[in-house]
Amino acid sequence: MPVDRPEAVPDARRPHRIAGGQPGLLAPGATTDPYRLRLYRLLRTEYPLGYDPALDAWLLSRYADVALALTDPRFTGYPHDGAPRGRAPVPLGLCRGAQVCAPPAVPYRTVEPAVERTAYVLARRIVGRDRADLVADFCRWLPTGAAAAAAGLSYPGVNGRTGGEPHRRTGGGADDCARSTALREHALASFLANMLDDPDLHAAATAPAPHASGTLLDRAWAETLRRDPPVQIVLRRTRTEVPVSGGTLPAGAPVACLIGAAGRDPARFAAPDRFDPLRADADTLLTGPAHCPAARLGRLEAEHGLRALLTAMPGIRWADGFRPVAGGLLTRSPRTLLVRPS
C-alpha cells in the first residue's frame with residue numbers, strides 16, 4: 001500500500017512551522033486547502049502526535065489513532081463528558097452530538113416524498129438558465145426544505161428568496177440535529193461535485209434498477225464523507241494516559257481528531273485522494289451514526305437531489321472553464337458549483 005512521502009513536497013508549498021518544526025493547523029493558507037499545502041500529509045508522517053497551541057489541543061492525524069479516539073472508552077467528549085463511548089461512533093460527519101438522536105416530528109416515510117418534491121421544484125427553477133450555481137440555487141435550499149418537512153412545518157422559501165421562517169403545520173419539532181442545515185449543505189455540495197465530475201458514475205447511480213443504483217448511491221455518499229468530510233475536526237478528551245502511534249497522550253488532554261487527514265491516510269485507504277464509491281477498502285467509521293436524523297436526511301437529500309437535477313437537466317455540465325474547488329478547514333466544501341443546465 002502506498003505511503004506518504006514528505007520529501008517529495010516542494011519547499012515553496014510547505015506550510016508555516018510552529019515551535020519544534022511542527023506544521024501549524026491554523027497556519028496561513030491551511031484554512032484554504034490543507035490538502036494542497038500537504039499539511040495533513042506532513043502531520044501524518046513527521047508529527048503524528050503534537051501539540052498545537054493555536055488550537056490548544058493535541059493533534060491526531062493517522063487513521064488508526066483517530067479511530068482509537070473515536071471508539072475507545074479512554075476518550076470522552078470535549079468540552080463536556082457527554083459524547084457516547086464504546087464502539088458506536090461518536091458524533092461526527094453530519095451529527096451535531098446530541099446524546100439521544102430524536103426522530104423527526106413526522107415519519108421518514110412522510111419526509112422522503114417532501115424531500116423529493118422540494119428537489120424537483122428547485123431543479124425545475126434552474127432549467128432554461130444559461131448558467132447556475134448549484135450551491136446558491138440548490139444546496140442551500142434543499143436541506144432547509146427537508147428540515148421543515150422533518151419538523152412538520154410548511155416552508156414557502158423554495159421560491160428562491162432568502163430569509164423567512166418556516167410556518168408550523170403540526171405540533172412538535174425536529175431534533176436540533178435535523179433542524180441544523182449548514183453541514184448538510186456542505187455535504188450535498190461535495191457529493192454533487194464528485195458525482196457530476198463523472199458522467200458514467202452519475203448515469204449508473206441514477207439508473208432505473210432501484211437496488212443496484214441505490215447501493216451505488218449509498219456507497220457514493222459514504223465515499224464523499226470519507227474523502228470530503230464536511231467536518232474536518234472532532235474534539236475529544238483523554239480520561240487517562242493513552243499510547244498512540246506517535247507517543248503517549250497525557251491524561252485529561254484535549255485531542256483534535258483530524259477527520260480530513262484520517263480519511264485520506266494511505267496506510268488505511270488505497271489511492272486515498274481518488275473518489276471511488278466501489279473501493280474495496282470502504283469504511284463507515286468516519287461517516288458518523290447512521291441513525292442520526294441529520295445523517296438520514298443528508299442521505300435522502302443526496303439521492304433525490306442528484307436524481308432531480310439529472311431528470312430536469314440530462315445535459316447538465318460544468319460551466320466553461322469551471323472546476324469545483326473545496327475550501328475551509330473546520331468545515332469544508334465547494335463554495336460554488338457553476339453549471340450549464342443544458
Side-chain angles (χ1 to χ4, degrees), residues 8-10 12-15 28-41 119-143 158 160-162 182-206 216-217 220-221 223-230 232 260 263-264 271-277 301-342:
V9 182
R13 295 181 65 181
R14 288 181 180 270
T31 55
T32 300
D33 197 338
Y35 299 101
R36 181 181 60 82
L37 288 177
R38 315 292 170 83
L39 173 65
Y40 287 158
R41 176 182 294 189
Y120 277 92
V121 168
L122 293 171
R124 284 194 293 269
R125 294 183 185 280
I126 298 173
V127 174
R129 300 186 193 177
D130 291 333
R131 188 162 113 157
D133 178 5
L134 294 183
V135 172
D137 298 329
F138 194 83
C139 297
R140 288 178 186 163
W141 290 99
L142 182 54
V158 294
R161 297 193 301 268
T162 58
L183 294 182
R184 303 210 308 277
E185 294 170 15
H186 291 315
L188 180 59
S190 294
F191 174 78
L192 293 178
N194 287 328
M195 297 299 288
L196 294 178
D197 234 15
D198 188 335
D200 292 335
L201 182 59
H202 67 62
T206 56
L216 181 55
L217 282 170
W221 175 244
E223 175 72 345
T224 293
L225 295 180
R226 174 203 68 84
R227 181 181 179 270
D228 304 296
Q232 297 271 305
R264 298 201 193 187
D273 292 332
R274 185 177 66 209
F275 180 76
D276 181 10
E301 291 155 8
E303 175 182 357
H304 293 295
L306 180 65
R307 290 185 186 279
L309 288 170
L310 295 177
T311 299
M313 297 164 278
I316 189 172
R317 61 193 185 279
W318 297 130
D320 295 343
F322 176 79
R323 293 294 304 161
V325 177
L329 178 66
L330 300 180
T331 60
R332 183 175 175 80
S333 70
R335 298 302 188 250
T336 59
L337 291 174
L338 299 180
V339 298
R340 290 178 62 88
S342 60

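If you're wondering where the values come from, they're calculated on a predicted model, not measured in any experiment. As a basis for the values below, the full set of heavy atoms in this structure was taken, side chains included, without hydrogen atoms, waters or symmetry mates.
T224 places a side-chain heavy atom less than 4.5 Å from the side chain of F275. L134 has its side chain within reach of I126: a pair of non-hydrogen atoms, C-beta onward, lies under 4.5 Å apart. Side-chain atoms of Y120 and H304, non-hydrogen and from C-beta on, never get closer than 4.5 Å to each other. For the pair L337/P324, a side-chain contact is recorded, criterion being any heavy-atom separation below 4.5 Å from C-beta on. Annotation: side chain of R124 is in contact with side chain of V121 (closest heavy-atom distance under 4.5 Å). Side-chain atoms of Q232 and Y40, non-hydrogen and from C-beta on, do get closer than 4.5 Å to each other. Here the side chains of L192 and L306 are in contact, with some heavy-atom distance below 4.5 Å. In this structure, the side chains of P341 and L309 stay at 4.5 Å or more apart for every pair of heavy atoms.
More than 12 heavy atoms of other residues, nucleotides or ligands sit less than 6.0 Å from atom CG of D273. Under a cut-off of 6.0 angstrom, the local environment of CZ in R131 is sparse, with at most 12 non-hydrogen atoms contributed by other residues, nucleotides or ligands.
Here the closest non-hydrogen pair linking A302 and F191 is O-CE2, 3.3 Å. Residues L142 and A119 share a closest heavy-atom pair of CD1-N, 3.7 Å. Closest heavy-atom contact between A308 and A123: O-CB, 3.6 Å. Residue A312 comes nearest to V127 through the heavy atom pair O-CG2, 3.6 Å, listed as atom of the first residue, atom of the second, then distance. Here the closest heavy-atom approach between residue I316 and residue L196 is recorded as CG2-CD2, 4.2 Å. When every heavy atom of P143 is checked against every heavy atom of L188, the shortest pair comes out as CD-CD2, 4.4 Å.
Sequence neighbours left out, the pairs with a member in residues 318-327 that pass salt bridge (charged side-chain N to carboxylate O under 4.0 Å, His left out) are D197-R323.
A cation-pi geometry, defined here as NZ or CZ lying under 6.0 Å from the six-membered ring centre and within 45° of its normal, holds between R264 and Y35.
Formation of a donor-acceptor pair under 3.5 Å by the R335 side chain with backbone atoms of A326 is not found in this model.
If you take CG on L216 and CE on M195, they are separated by 5.5 Å, rounding to the nearest 0.5 Å. Between the CZ atom in R129 and the OG atom in S342 there is a gap of 12.0 Å [rounded to 0.5 Å].
Between R332 and D228 no salt bridge is recorded (no basic side-chain N to carboxylate O distance below 4.0 Å).
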